[in-house]
Amino acid sequence: MHLTAPAAERPRTRTRDADGMAVASFILGLLGLLVFNVFLGPTAVVLAAVSLWRGTTRKGRAYLGMGLGVADLLVLLAVMQMDDTLSWSF
C-alpha cells in the first residue's frame, strides 16, 4: 500500500492548487467589496499573484480576483477620505 501519490501526478496537483487559489481570490475579492476590505483585499491580491505564478489554468479568474482586491483597497481609501475612519459607517 502506497501512502503517497506517484511522481507523475504531482504537477497536476500543483495546477489544481493554483486553480483553487484563483477561485478563492475571486471570492475573497468579491466579498471584500462588502465587508472586511482591509483584510480581504490584500489577501485576494496575494492569492491571485501566487496562483498566476504557479501557472493556473484559470487566469481570467485570477485576474478578476486581483482586480477586485485592488478595488477593495480603493473603496477603503474612498471611505477613509470621506469619513476620516478606517471602517464603514451606515
Consider only side-chain heavy atoms of I, L, V, M, F, W and Y, link residues closer than 4.5 Å, and tell whether [X] and [Y] are in one cluster.
| X | Y | result |
| --- | --- | --- |
| Leu40 | Tyr63 | no |
| Val75 | Val35 | yes |
| Val70 | Phe26 | no |
| Leu30 | Phe36 | yes |

Sequence neighbours excluded, the answer for side chain to side chain contact (heavy atoms under 4.5 Å, CB included) partners of Ile27 is Val23, Leu31
*Quick one: does Thr43's side chain have a donor or acceptor within less than 3.5 Å of a partner on Phe39's backbone?*
yes
field: Check: Asp19 side chain, Thr57 main-chain N or O, donor-acceptor pair, under 3.5 Å
entry: yes
What one should report as the nearest heavy-atom pair of Ala62 and Ala48 is O-CB, 3.2 Å
In terms of heavy-atom contacts, Ala44 and Gly69 come closest through CB-CA, 4.1 Å
*asked:* I'd like to check Leu52 versus Thr56 (side-chain heavy atoms, cut-off strictly below 4.5 Å). Are they in contact?
replied: yes
Are Pro42 and Leu73 side-chain neighbours, meaning at least one heavy-atom pair lies under 4.5 Å? yes
Next on the checklist: As a quick check of understanding, evaluate side-chain contact (heavy atoms from CB on, under 4.5 Å) for Leu47 and Leu28, giving each step before the final call.
Outcome noted: CA-CA 9 Å; Leu47 279 174; Leu28 291 177; 3.7 Å; yes
